[in-house]
Enquirer: 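Following this message is one structure expressed as structure tokens.
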Number of protein chains: 2
Amino acid sequence: MPKMSDVAKLAGVSTATVSRVLRNPDTVTPSTKEKVLEAINQLNYQPNMLARHFRRTETNTILVLVPNISNTVFSEIVGGIEEEAAQNGYRVLLRNTNNQLENEYASIEHLKQRQVDGMIMLSPKLDEETLIEISHQYPIVLATAHLETPTIPFVSIDNVRSSEKATEHLIRLGHRRVAHISGPMYSLISRNRYEGYQNAMKNHGLNPEDKFVREGEFTYESGYEHMLDLLSQKEVPTAIYAASDDMAIGAINAANELGVKVPEDLAVVGFDNIKFASMFNPSLTTIAQPLHGMGQRSMELLLKKLNGEAISQTEHVLPDKLIIRDSCGAKHKEKLLPM
Amino acid sequence: MPKMSDVAKLAGVSTATVSRVLRNPDTVTPSTKEKVLEAINQLNYQPNMLARHFRRTETNTILVLVPNISNTVFSEIVGGIEEEAAQNGYRVLLRNTNNQLENEYASIEHLKQRQVDGMIMLSPKLDEETLIEISHQYPIVLATAHLETPTIPFVSIDNVRSSEKATEHLIRLGHRRVAHISGPMYSLISRNRYEGYQNAMKNHGLNPEDKFVREGEFTYESGYEHMLDLLSQKEVPTAIYAASDDMAIGAINAANELGVKVPEDLAVVGFDNIKFASMFNPSLTTIAQPLHGMGQRSMELLLKKLNGEAISQTEHVLPDKLIIRDSCGAKHKEKLLPM
DNA sequence: ACACTGAATGTAATCGATTACATTGGTGGT
DNA sequence: ACCACCAATGTAATCGATTACATTCAGTGT
């Protein structure tokens, strides 16, 4: 494995010049530059990145914290991050937290040890205070997360508003008994979506009753179980808004099992627009998050931080979209109620 | 940011001793060890990993090449790798190749520059010869890949045999016009699955006709399109074996669209057992690969290579499983034909 | 012709942990 | 009492690229 001094010797220059050819080519005379490049070629020289990283105290690597890599929502975002990172010469280190707080703490050690230049956290569980403290010392960006006091750049959608849209859509289809299966309440996103559901109900003079609300865990199974439960009550909902597509699909299968037809007897709206939403039967009406774009934007923001650029805007709320398919029954209706 | 010499000074020892406390605690007297640990604590010292990596020429990081991170098959495998890696103090660097050969080449540069200690390639596109050449110089392991001459450790299932099982299952349900939508033929896996399909047909005295075989791309869309096409022929298949669940679901939706009922008019078997296979309606009969386990095993093998242990067995063929659900119609049949 | 300027290049210190080799001091055997 | 040996610790070289500072030299102005 040839090193820089070998190149220098062969080219008849000093290591300083070789280094300059590599990093500041403009400060070197074309003729010497050529000699050096020739020597590099001849020796098939590759700079030792470990030495470079050590000397410059930077790694050109960023860390992405993912609650669960197998969840398509997160892997799509990671895809966006990865693309933007690669284009800017950064590499992406991945870490599955499995929703464990201790894994988030452990990842901060990586930052402290300078093993990565920065970090993007997807749906962090850490409390806001701790996050802010970390961000004072290290470049971090949050995605699919929301802060009360936006001191750290984050990328998200407006979960309250999008939830309102989803619920409103069901109400305008004539439903009055609209149920909601939420995500876990420790997550701000879940609380925001629940809030949006409540807002929509109240805005239309409806009372969001407790018996129509269930706390799920974003998973298929939790959607399935809660739907069975909801349909076993005396008064049964005619529509349901689930805070994730997985839960919505679970709910539909539960309804089917009980002979309740979707969308005829039960209108369903989900959230996420996972790939499978359009393949499912009935195809799922859902809120689409611009996942790839959110990943890209997060990386863009992190790059700014890494380059020491000022970030004027810390809140990055990207547009979401209600995608109307078959599960809500809108396609069978003549027209919607007015807003 | 305190360094080792600071700790040494505070503890009244040399840096060598501090280093020993950190890496070979047994060679240090308990009393000095205590002094050093006390100093480390007091200064809140964190070793500079960049310096350590540089000095030791190792990074405790491995690279995983993924054709597409958003594909659940691969993200499950990555999950398994990640888990095993974390348990052994290794970190996982991720790289999306998007099926681009040039990205595989670029990743080899990382190895050459010693930025990672080893690499796991998922479904590599690189030719066998090149792979073998690389593996002479660097620790690599392949997963969901198969080699003619197994000089590089790889983890896979027996795609030929599993395909035979899938096709046979349909034949034993009484089907004779069994179609196959394959994966792209540049992939050895696709060719193996096609081979298994052919074997099963021939073994049962059936002729695998060209008009019943289509080359897809593992995607929902390709399954959908090819099924439309297959059903528009004069002679129509009564069963289909698709080389991925995505294609199988595409096929089912295409059949539905043409009024062909699954499983009554068309039996369907898929491959992969993606999460949605069991949620789909009809639920999908499919071959389950032990994805998480394959990831784990790949990492185990790579760890052996990294530790310089000999790998006696390079071919690691894990057991797959035919999971019978609703899409093949087996549950409506009284009994199967004999083998 | 001489001093001055600045571009091009060289010299050598530096980053922080690791480790080969050197030194110290204590123990046991005779 | 002396030596041999071993365990514990220290000294200092080392990894390879980067870069502050030093040097060289060609060109310019007077």
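In the text below, chain A, chain B and the rest are named by the order of the sequence lines, each starting its count at 1. Keep in mind the model is a prediction, meaning the values are calculated, not measured.
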Enquirer: Do the side chains of A/Arg23 and A/Arg52 get nearer than 4.5 Å, heavy atoms only?
Expert: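 Side-chain contact under 4.5 Å: yes.
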
Enquirer: For the side chain to side chain donor-acceptor pair (under 3.5 Å) test, which of A/Glu84, A/Glu83, A/Arg297, A/Glu76 pairs with A/His292?
Expert: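 With A/His292 as partner, A/Glu84, A/Glu83, A/Arg297, A/Glu76 yield a single side chain to side chain donor-acceptor pair (under 3.5 Å), made by A/Glu83.
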
Enquirer: For B/Arg55 and for B/Ser31, find the nucleotide of DNA chain D with the closest heavy atom, then tell me which residue's nucleotide is more 5'.
Expert: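 Counting from the 5' end, the first nearest nucleotide belongs to B/Ser31.
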
Enquirer: Which part of the nucleic acid, if any, lies within reach of A/Arg20 when heavy atoms closer than 4.0 Å are counted: base, sugar-phosphate only, or nothing?
Expert: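 Here A/Arg20 touches the bases of the nucleic acid.
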
Enquirer: With axes from five pairs an end, tell me the bend angle of the helix from C/dA1-D/dT30 to C/dT30-D/dA1, nearest 10°.
Expert: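 Axis-to-axis angle, ends of the helix: 50°.
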
Enquirer: Does the ring-ring contact (aromatic ring centres under 6.0 Å, His included) test come out yes or no for A/Phe154 and A/His146, once each step is laid out?
Expert: CA-CA 7 Å; A/Phe154 67 81; A/His146 213 281; 4.8 Å; yes

Enquirer: Are OP1 or OP2 of D/dT9 and a side-chain N or O of B/Thr29 less than 4.0 angstrom apart?
Expert: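 Yes, within the criterion.
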
Enquirer: Remember a base hit wins even if backbone is also touched, and classify A/Val13 as base, sugar-phosphate or nothing at under 4.0 Å, heavy atoms.
Expert: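 The answer is sugar-phosphate, as A/Val13 gets under 4.0 Å only of primed atoms, P, OP1 or OP2.
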
Enquirer: Ignoring hydrogens and angles, state whether a donor on the side chain of A/Thr144 or A/Ser123 is under 3.5 Å from an acceptor on the partner side chain.
Expert: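 A/Thr144 vs A/Ser123: donor-acceptor pair found between side chains.
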
Enquirer: On DNA chain D, does the nearest nucleotide to B/Ala51 precede the nearest nucleotide to B/Pro30 from the 5' side, or the other way round? Give the residue.
Expert: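 Of the two residues, B/Pro30 wins.
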
Enquirer: Quick one: closest heavy-atom pair of B/Asn68 and B/Phe74, and the distance?
Expert: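 Closest approach of B/Asn68 to B/Phe74, heavy atoms only: O-CD1, 3.6 Å.
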
Enquirer: Rounded to the nearest 0.5 Å, what separates atom CG in B/Leu65 from atom CE in B/Met121?
Expert: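 Answer for the CG-CE pair, B/Leu65 versus B/Met121, is 5.0 Å.
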
Enquirer: Test A/Met294 against every option in A/Leu122, A/Leu318, A/Ile81 by the side chain to side chain contact (heavy atoms under 4.5 Å, CB included) rule and name the one that passes.
Expert: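 Passing option: A/Leu318.
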
Enquirer: With rounding to the nearest 0.5 Å, note down the distance linking CD1 in B/Ile189 to CZ in B/Phe218.
Expert: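 Output value for this atom pair is 6.5 Å.
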
Enquirer: Counting any heavy atom closer than 4.0 Å, what does B/Thr15 reach on the DNA or RNA strands: base, sugar-phosphate only, or nothing?
Expert: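 The residue B/Thr15 makes base contact.
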
Enquirer: Under 4.0 Å from a heavy atom of chain A: give me the 5'-most and 3'-most nucleotides of DNA chain C that qualify.
Expert: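 Endpoints of the contacted stretch of DNA chain C: C/dA8 to C/dG16.
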
